[in-house]
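Keep in mind it's a predicted model, so treat the numbers as computed, not measured. Throughout, residue positions are numbered sequentially from 1 according to the sequence presented.
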Amino acid sequence: MLSKKTKYGIKALSFLARQENQTPVPISDIAKSENISIKFLESILLLLRYSGFLGAKKGKGGGYYLIKEPKDINMAHVYRILEGPIALLPCVSHNFYEKCDDCIDEVNCSVHRLMTEVRDNTLMILENNSLADITF
């Protein structure tokens, strides 16, 4: 299942992408619009800021804003930042590979084959969508 952190992170990015002039948006406005706890949203937006997706301005008129064009924000990258590996098992992960302790023959493992297909299809969908593609 997708974590709430990732779900809310994508919702917050989409909200910011819909802003016409890309001026800073107060966190309270994002939280209210997307029905997210301010405290939880603060930690998510901070992570997205340190990952290079968002900028922040303090003080009056402050808030968060996108520092990249929505078309340049790849959803696979966002997913990995917020959720971690795309693969459901470490033995099929491109970036976080680990052999399963209980697996004798990875090549002939039915679970491995199925999860590779799941990973490939999920990765294809995420890589072929930008923030601009999912924002309306």
Check your understanding: Under 3.5 Å, side chain of K5 to main-chain N/O of L82, donor-acceptor pair present?
Key -> yes

Check your understanding: Stepwise, does the side-chain contact (heavy atoms from CB on, under 4.5 Å) test hold for H94 with R119?
Key -> CA-CA 9 Å; H94 285 303; R119 179 217 51 216; 3.5 Å; yes

Practice item. Output, in order, the C-alpha distance, side-chain angles, deciding distance and verdict of side-chain hydrogen bond (donor to acceptor under 3.5 Å, both in side chains) for S93 and N95. Key: CA-CA 6 Å; S93 178; N95 298 323; 6.0 Å; no

Check your understanding: Is R18 salt-bridged to E34, cutoff N-O under 4.0 Å?
Key -> yes

Practice item. Output the distance between atom OH (Y64) and atom CD (Q19), rounded to the nearest 0.5 Å. Key: 15.5 Å

**Study point:** Nearest heavy-atom neighbours spanning G9 and I44
**Key:** CA-CG2, 3.6 Å

Revision key, fill the gap. Heavy atoms of Q22 and L16 approach each other most closely as NE2-O, 3.2 Å

Exercise for review: Check whether more than 12 heavy atoms from other residues, nucleotides or ligands sit under 6.0 Å from atom CD of E117, and answer yes or no.
Suggested key: no

Check your understanding: Does N128 reach the main-chain N or O of M124 with its side chain, forming a donor-acceptor pair under 3.5 Å?
Key -> yes

Review point. What distance do E83 atom CD and L2 atom CG have between them, rounded to the nearest 0.5 Å?
Key: 5.0 Å

Exercise for review: Find out whether E106 and C91 are in side-chain contact, i.e. whether some heavy atom of one side chain is under 4.5 Å from a heavy atom of the other.
Suggested key: yes

Point to revise | Separation between CG of L45 and CD1 of I30, rounded to the nearest 0.5 Å | key: 5.0 Å

Exercise for review: Identify whether L46 and F53 are in the same connected component of the hydrophobic contact network (ILVMFWY, side-chain heavy atoms under 4.5 Å).
Suggested key: yes

Exercise for review: Please check if F15 and I38 belong to a single hydrophobic cluster, counting links between Ile, Leu, Val, Met, Phe, Trp and Tyr side chain heavy atoms closer than 4.5 Å.
Suggested key: yes

**Study point:** side-chain contact (heavy atoms from CB on, under 4.5 Å) evaluation trace for I67 with L54
**Key:** CA-CA 5 Å; I67 58 173; L54 301 178; 5.7 Å; no

Check your understanding: Is it true that a side-chain atom of T122 and a backbone atom of V118 form a donor plus acceptor pair closer than 3.5 Å?
Key -> yes

Exercise for review: Can you establish whether the number of heavy atoms outside K99 located under 6.0 Å from its atom NZ is more than 12?
Suggested key: yes

Practice item. Would you check if S14 and T135 make a side-chain contact, meaning some heavy-atom pair closer than 4.5 Å? Key: yes

Revision key, fill the gap. Minimal heavy-atom distance between P24 and Y65, with the atoms involved, is CG-CD2, 3.8 Å

Check your understanding: Passes side-chain contact (heavy atoms from CB on, under 4.5 Å), I134 versus L131? Steps please.
Key -> CA-CA 5 Å; I134 68 164; L131 182 58; 4.2 Å; yes

Review point. At what distance, to the nearest 0.5 angstrom, does NZ of K11 lie from OG1 of T6?
Key: 13.0 Å

Check your understanding: Can any side-chain N or O of K4 pair as donor or acceptor with the backbone N or O of Y8 at less than 3.5 Å?
Key -> no

Practice item. Is it possible for you to say whether Y50 and L66 belong to one hydrophobic cluster, with membership spreading through side-chain heavy-atom contacts below 4.5 Å? Key: yes

Revision key, fill the gap. Separation between CG (L89) and OG1 (T116), nearest 0.5 Å, reads 8.5 Å

**Study point:** Stepwise side-chain contact (heavy atoms from CB on, under 4.5 Å) check, S51 with I81
**Key:** CA-CA 7 Å; S51 299; I81 295 297; 3.2 Å; yes

**Study point:** N35, CG atom: more than 12 neighbouring heavy atoms under 6.0 Å
**Key:** no

Practice item. State, to 0.1 Å, how close A31 and L41 come at their nearest heavy-atom pair, and which atoms those are. Key: N-CD2, 3.6 Å

Review point. Can you get from V78 to F40 by hopping between Ile, Leu, Val, Met, Phe, Trp and Tyr side chains that sit under 4.5 Å apart?
Key: yes

Check your understanding: Honestly curious: do L123 and M75 fall in one hydrophobic cluster under the side-chain, below-4.5 Å linking rule?
Key -> yes

Check your understanding: Should we count CG of D101 as having more than 12 external heavy atoms under 6.0 Å?
Key -> no

Practice item. Could you tell me the separation between the CG atom of D133 and the NZ atom of K71, rounded to the nearest 0.5 Å? Key: 11.5 Å

